[in-house]
There are 2 protein chains.
Amino acid sequence: MPPTVEQVAERAKVSVSTVSRALRDIPGISAATRKRVQEAAEELGYAISPSASRLATGRTRTVAVVVPLLAKWFFAEVIAAAGRVLSQAGYDVLLVELSTPELREAFFAGPRLHGRSDAVLVVALQLAPDELAALQGQGQAVALVGSEREGASSVRVEDRAGGRAATRHLLNLGHERIAFLGIREAEGSPLGGVPPAERLQGYREALVEAGLPEEPALEAAVENTVDAGAAAMSAFLTAAEPPTAVVAASDELAFGAVATLRGVGLSVPGDFSVVGYDNHELAGAVSLTTMDHGVAEQGRRAAEAILGALSGAPASSGRIEPRLVVRGTTAPPRRLRRAAQTN
Amino acid sequence: MPPTVEQVAERAKVSVSTVSRALRDIPGISAATRKRVQEAAEELGYAISPSASRLATGRTRTVAVVVPLLAKWFFAEVIAAAGRVLSQAGYDVLLVELSTPELREAFFAGPRLHGRSDAVLVVALQLAPDELAALQGQGQAVALVGSEREGASSVRVEDRAGGRAATRHLLNLGHERIAFLGIREAEGSPLGGVPPAERLQGYREALVEAGLPEEPALEAAVENTVDAGAAAMSAFLTAAEPPTAVVAASDELAFGAVATLRGVGLSVPGDFSVVGYDNHELAGAVSLTTMDHGVAEQGRRAAEAILGALSGAPASSGRIEPRLVVRGTTAPPRRLRRAAQTN
DNA sequence: GCCAGTTTCGCAAGCGCTTGCAGTAGACGT
DNA sequence: ACGTCTACTGCAAGCGCTTGCGAAACTGGC
């Protein structure tokens, strides 16, 4: 039904090879001929057959995007941003969600991308060396978001600095008992390796720098959900000497923490301060103080790295510096404010 | 680099046609031969070339998913659910985000999907007749989520019933001045046509049934964001005779409304009740009473409809009945509770 | 042990595009 | 006016797989 090069050639009174070259702006075709061909194509409503083109060239002009979980804001945002630059550049985006260990295993077991994409954008997954090799073995250029591997481009966040900054913010406000609400892998999750571990390190560093002791009781690690964050917050509150502030490794955990605190009648930030991590789409809605790590930018830069790699550029390795966004869930601890008032 | 049918054929000592048939479970191959071929393929790590197969068959085993905005929870959730059933069925998922009117126009102007997918899953976009025709003209089977068109499968939500149920819930609690916080298209948005209009209708119906007057001043229509919801809520509060409850056409608007209310010191649900619409991932976090309309199920069913259409089934047209999820943002109006106390 | 009827396979012609190489036609110099 | 270059364009051989059709092998029945 759709016209082929042949029909365009016929109409433009040239050979198919000329059509092919004219339409792809390949030199060696006179301007006049090129124009004639383009017009013929236009009139016929010609559209190239991707399959045929791919078969002949061996390249697909498609990049696969693999994520552990599509419905999480972070991943969706990264994909959206990456997708825009990719499709802008004329690439198709193939979506791959690896939401269970089984899917992950199956995906890396065979050459599942062979002939489907030229490159892969891997978000958040911590690839094992052989997994990376499996991808590259299929001739895929690979770019990583949220991890770093030899031989692949990557975009990472300075999470340690981020964790430290979040914690410092609370220290500067006068808090001295600050908890950390971290992320632990859920059972069925395919992430494999927890990148935000650096956030915890940053937190610890900040405490040490401030001359405060590390207290294991103030560190939790739970599944990255609102409910888990809420539960963990409850646990902190039952401590003998509860913290007065918490830095959460994600905004979702922070949401949960805030919910718990307000639920038991505590005021945030009056009685307790919370800082999140992500600058989630809805962070503003609850006025959450949080670390912004340019989620969309991560996607954008990874996509650009891929485009670069596809045109022969060497692997690049970018870093993003998170920055604190102060909103309404952080304030000096009550003790200090009382003191200030009595001044 | 990767092996081809030819090499498999050679190793299994059969012809390429036999390999092709054996690997695809096409009858006419003896069990013994089939096994031999499969083993040979296995040993060689053979993977079919999609391009070649597509070129030869004309089918791509790919379905395109088009959404207006990927990073919104609703869309991401629908895609995730649909993607799971599609990839389970062996289909690739091609992602298309039409986030601006320009992109939308360009997309429908040419045969952009020709040879790229066998079917399209259109989420939320209200297709103009010629847009639908453009897709079908490219030989695409099409399934719609959130709209309905002659000649295409679709999955829709009984939004009118949903709007009515949400409103009734508030009426039953004793509210008499209930506002509606609706969705209006943003300027640069490609949605084109507002499906949730039915939610407003349901709201009005419920009021009429309860013998209450419709008050235009109690109906707002804003962009579907937390901030816009917050602003609209502020407007409601400045009314001469403010409402005591609001039904929002989305959870995001509801989040904004709640934020405004609590921001000015009003208690929710003590002083004001709010019911949302979506049962957003984070609705639980703020304990939002809302209408659940099975978002994942919409994706799943649409994907199933597509698979059906691809195997020759006639267009189907499913409906989903939303249900109320009562959480913590709705309660009787203060007036009534006082009365109850004095009892 | 021979023939008709089944199975099981292989041949070869595409599918629609790309590209190395060869051929043709102007352009230019002398 | 003729040879030499350069600039265009066409030929044809793939790319790796599918599939209609005919050939070969095998099954029984007699």
Can you find a donor-acceptor pair, distance only, under 3.5 Å between [X] side chain and [N] base?
X	N	value
T57(B)	dC15(C)	no
R21(B)	dG10(C)	yes
S17(A)	dC11(D)	yes

Next item on the list: Test salt bridge (charged side-chain N to carboxylate O under 4.0 Å, His left out) on D92(B) and R116(A) and set out the steps.
Entry: CA-CA 9 Å; D92(B) 283 347; R116(A) 290 172 201 283; 2.6 Å; yes

Check: Taking the side chain of V14(A) as its heavy atoms from C-beta onward, which of dG16(C), dG10(D), dC8(D) lies nearest to it?
Finding: dG10(D)

Next item on the list: Return the nearest nucleotide to the side chain of A52(A); candidates are dT18(C), dC17(D), dG16(C).
Entry: dG16(C)

Next item on the list: Enter the distance from L144(A):CG to L125(A):CG here, rounded to the nearest 0.5 Å.
Entry: 9.0 Å

Item checked: Toward the 5' end of DNA chain C, by each residue's nearest nucleotide, L55(B) or I29(B) -> I29(B)

Between [X] and [N], is there a side-chain N or O to OP1/OP2 distance below 4.0 Å?
X	N	value
R24(B)	dT19(D)	yes
S53(B)	dT18(D)	yes
S30(A)	dT9(D)	yes

Quick one: [X] [atom1] to [N] [atom2], roughly how many Å, whole number?
X	N	atom1	atom2	answer
E6(B)	dT18(D)	CD	P	14 Å
E10(A)	dG10(D)	CD	C1'	16 Å
L44(A)	dG16(C)	CG	C1'	15 Å
R34(A)	dA7(D)	CZ	P	14 Å
L23(A)	dT18(C)	CG	P	9 Å
D25(A)	dC8(D)	CG	C1'	16 Å
I26(B)	dT7(C)	CD1	C1'	16 Å
R36(B)	dG10(C)	CZ	C1'	14 Å

Next item on the list: Examine R112(B) relative to F107(B) and say whether NZ or CZ is less than 6.0 Å from the centre of the six-membered ring and inside a 45° cone about the ring axis.
Entry: no

Item checked: Sugar-phosphate only, base, or nothing, as touched by S51(B) at under 4.0 Å among non-hydrogen atoms -> nothing

Notebook entry, point to check: On DNA chain D, nearest-nucleotide positions of Y46(B) versus K13(A): which is more 5'?
Noted result: K13(A)

Margin query: Return whichever of S20(B) or T18(A) has its heavy-atom-nearest nucleotide of DNA chain D closer to the 5' end.
Written below: T18(A)

Checklist line | Nearest heavy-atom neighbours spanning G115(A) and P50(B) | finding: O-CG, 3.7 Å

Check: Any ion pair linking K35(B) and E39(B) (charged N to carboxylate O, less than 4.0 Å)?
Finding: yes

